[in-house]
Amino acid sequence: MSPAEVNSELRAELQQEIDDNRRSEYRLLPYASIAVVVLAAIIVVRVVFFS
């Protein structure tokens, strides 16, 4: 077996890890959106009340 070849067990394990990571990335999107909204609100409040 060359270093580039992997057996089916390792391939399945790697694919499972990739799928888990992809689900984690999808979960981060709502949190990132909330963070952007909060930052925008802070900026608006600062500009409106402190300028």
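Quantities reported herein were computed from a predicted structural model and do not represent experimental measurements. Sequential numbering from 1 along the given sequence is applied to the chain's residues.
As a member of the Ile/Leu/Val/Met/Phe/Trp/Tyr network built from side-chain separations under 4.5 Å, I34 groups with V38, I42. Other cluster members for V45: V44, V48, F49, F50, joined by side-chain heavy-atom distances under 4.5 Å among Ile, Leu, Val, Met, Phe, Trp and Tyr. Hydrophobic cluster membership of I43, counting Ile, Leu, Val, Met, Phe, Trp and Tyr whose side-chain heavy atoms lie under 4.5 Å apart directly or via other members: V47.
Evaluation of the salt bridge (Lys or Arg N to Asp or Glu O under 4.0 Å) test over residues 25-51, restricted to residues two or more places apart or in two chains, returns none.
Rounding to the nearest 0.5 Å places CD of E5 at 12.0 Å from CG of L10.
Every side chain to side chain donor-acceptor pair (under 3.5 Å) that Q15 has, sequence neighbours left out, goes to D19. Residues passing the side chain to side chain donor-acceptor pair (under 3.5 Å) test with D20, sequence neighbours excluded: Q16, R23.
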